[in-house]
There are 2 protein chains.
Amino acid sequence: MNNFLPNTATPVGTASSRVFDNLRKDLVGGRFVAGEKLAINALKERYQVGLSPLREALNKLAAYGLLIQENQRGFRVPKLSREELDDIAHMRLEMEGMALERAIANGDSLWEADLLAAAHRLKRADITLDKGEEWEHLHTQFHRTLVAPCGSVWLLRFIEQLHDQFDRYRRLGPKMPTIRQELDEQHHQLVELALKREAKAARELMDDHIHKSYEVALKRYQEHV
Amino acid sequence: MNNFLPNTATPVGTASSRVFDNLRKDLVGGRFVAGEKLAINALKERYQVGLSPLREALNKLAAYGLLIQENQRGFRVPKLSREELDDIAHMRLEMEGMALERAIANGDSLWEADLLAAAHRLKRADITLDKGEEWEHLHTQFHRTLVAPCGSVWLLRFIEQLHDQFDRYRRLGPKMPTIRQELDEQHHQLVELALKREAKAARELMDDHIHKSYEVALKRYQEHV
DNA sequence: GTAGGTTAAAAAATCGATTATCTTGTCTAA
DNA sequence: TTAGACAAGATAATCGATTTTTTAACCTAC
């Protein structure tokens with residue numbers, strides 16, 4: 001269930017892990033203002049947790065790249081920039097393309113089944129539910145499943161990290177995905193090509209898919225500045 | 001000076017940051033046994049630091065991938081495996097190759113100067129000094145400099161992380177680099193090709209360079225098991 | 001003997017309070 | 001005015017102690 005950081009057994013059930021998960025979700029989901037300084041006491045309230053587990057979670061998030069830690073000055077939400085968005089999108093192209101090709105080469109029939117299931121769940125998802133959180137979760141799951149059998153734990157880890165960073169842009173503001181139709185169509189085609197083992201075509205479609213997301217993210221970013 | 005985690009301002013001078021740096025160095029330098037469980041009280045002694053900053057450092061290292069955190073069971077040094085070594089080496093080929101090509105396309109004359117300087121320092125380094133730590137540091141610096149102007153903060157970050165992971169294998173045991181001569185020669189040629197902006201040839205040499213390191217690491221690993 | 005249960009010791013996680021550092025507003029002197 | 005010094009309050013970092021959970025040794029029943 002907890003697929004975060006592939007080769008890192010993340011604790012579950014502790015106060016520290018709870019606040020980590022929640023903070024991560026909130027940071028990725030855009031519920032903090034970029035650049036904002038985090039008031040630790042307020043966070044203690046918000047997440048109903050003591051100082052020690054909170055600080056441990058903040059430290060982890062800083063090492064992960066979702067927070068900036070400043071010398072004797074606490075923690076801050078990283079700023080957003082056009083340059084970084086471009087960087088992240090470009091890296092996603094490279095890494096997810098590579099992963100997809102390798103997944104298509106390695107994936108077995110269990111993978112095919114998982115992929116069909118993930119795509120189906122995503123398609124059926126009610127996007128108005130829980131402010132879109134449900135859809136976002138299934139969307140993440142779909143993309144995870146797609147590249148899962150790429151054979152590299154580290155590649156998967158980096159992709160996960162880039163997704164989180166990318167979502168800080170894509171999910172700016174309260175809005176939900178607007179181009180649902182097109183995305184669903186692309187997801188469907190990605191599955192088709194994966195099952196047919198057409199690596200080259202699949203990669204091209206993935207490039208296109210990421211590019212489309214990039215345009216959404218860029219628009220959100222520009223509206224937000 | 002502190003180039004760790006490119007876009008994360010890491011605090012300096014705090015107890016937490018000191019123990020983080022030292023622990024990282026010791027983990028990468030192979031001064032812990034892979035799979036070993038860390039006794040927190042012993043670490044308190046060893047690094048002369050209180051519990052809170054120590055735990056914060058451990059949490060950061062777990063998020064970074066140099067430690068495994070287990071549910072209510074503390075921290076553990078990740079195991080080593082042939083599969084992971086192959087994964088890391090393969091990812092290094094992809095990522096550093098990509099970074100080098102982009103650095104060669106972007107790098108200005110300041111970079112050329114930095115590169116020459118870094119290569120020179122590395123060549124002049126006394127490898128017997130400080131158990132090879134000095135040489136290791138300059139070696140890291142050289143490779144950092146080589147890819148620095150690649151234009152992607154995230155790519156640099158991933159490369160740094162992979163280097164640390166790779167060194168857990170390459171630096172197994174107390175031994176110092178044995179193939180100094182060959183490495184120096186390759187470093188020299190890398191600079192040459194970079195200055196001549198021969199991206200393709202440089203990348204091929206880099207592949208070869210990483211492959212050579214891989215063979216060393218693999219041998220160390222096999223002797224160590 | 002061995003599986004299952006109990007418990008004492010050890011270790012991890014968390015809390016509350018203390019110490020150190022930074023921030024802000026005010027005052028003074030040029 | 002305004003730059004710099006200072007003090008008071010706020011915040012971050014750290015410590016020592018408490019609580020919770022795990023580990024391991026022991027016991028008992030089969």
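Heavy-atom basis, side chains included; hydrogens, waters and symmetry copies ignored. Here is how names work: the chains are called A, B, and so on, in the same order as the sequence lines, proteins then strands, and each is numbered from 1.
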Salt-bridge test for [X] and [Y]: reply yes if a basic N is under 4.0 Å from a carboxylate O, no otherwise.
| X | Y | result |
| --- | --- | --- |
| A:Arg157 | B:Glu84 | no |
| B:Glu94 | A:Arg102 | no |
| B:Lys25 | B:Asp21 | no |
| A:Glu136 | A:Lys131 | no |

State whether B:Arg55 places a side-chain N or O below 4.0 Å from either non-bridging phosphate oxygen (OP1 or OP2) of C:dA12. no
Please check the phosphate of C:dT23 (OP1 and OP2 only) for any side-chain N or O of A:Arg73 closer than 4.0 Å. yes
Specify the separation, in whole Å, of atom [atom1] of [X] and atom [atom2] of [N].
| X | N | atom1 | atom2 | answer |
| --- | --- | --- | --- | --- |
| A:Phe20 | C:dA13 | CZ | P | 15 Å |
| A:Leu54 | D:dA12 | CG | C1' | 12 Å |
| B:Asn71 | D:dT23 | CG | C1' | 15 Å |
| A:Gln72 | C:dT21 | CD | C1' | 6 Å |
| B:Glu56 | C:dT14 | CD | P | 13 Å |
| A:Leu58 | D:dA13 | CG | C1' | 13 Å |
| A:Phe75 | D:dA12 | CZ | C1' | 9 Å |

Are the side chains of B:His163 and B:Thr140 in touch, meaning some heavy atoms are under 4.5 Å apart? no
4.5 Å side-chain heavy-atom contact, A:Trp135 and A:Leu122: yes
How are the rings of A:His139 and A:His209 set relative to one another: parallel (under 30°), tilted (30 to 60°) or perpendicular (over 60°)? perpendicular
Would you say the side-chain atoms of B:Asn59 pair up with the backbone N or O of B:Arg55, donor to acceptor, closer than 3.5 Å? yes
What are the two closest heavy atoms between B:Ile88 and B:Gln165, and how far apart are they? CD1-CB, 3.6 Å
Contact list please: residues 37-52 of chain B against DNA chain C, heavy atoms, distance less than 4.0 Å, in numerical order. B:Lys37, B:Leu38, B:Ile40, B:Leu51
Nearest of C:dT14, D:dT21, D:dT14 to any side-chain atom of B:Ala15? D:dT14
Measure from the side chain of A:Thr14, starting at C-beta and using heavy atoms only, and say which of C:dC22, C:dA13, D:dT14 lies closest. C:dA13
Dump the pairs, protein N or O against N or O of nucleotides 5-9 of chain D, anything under 3.5 Å, distances to one decimal.
none

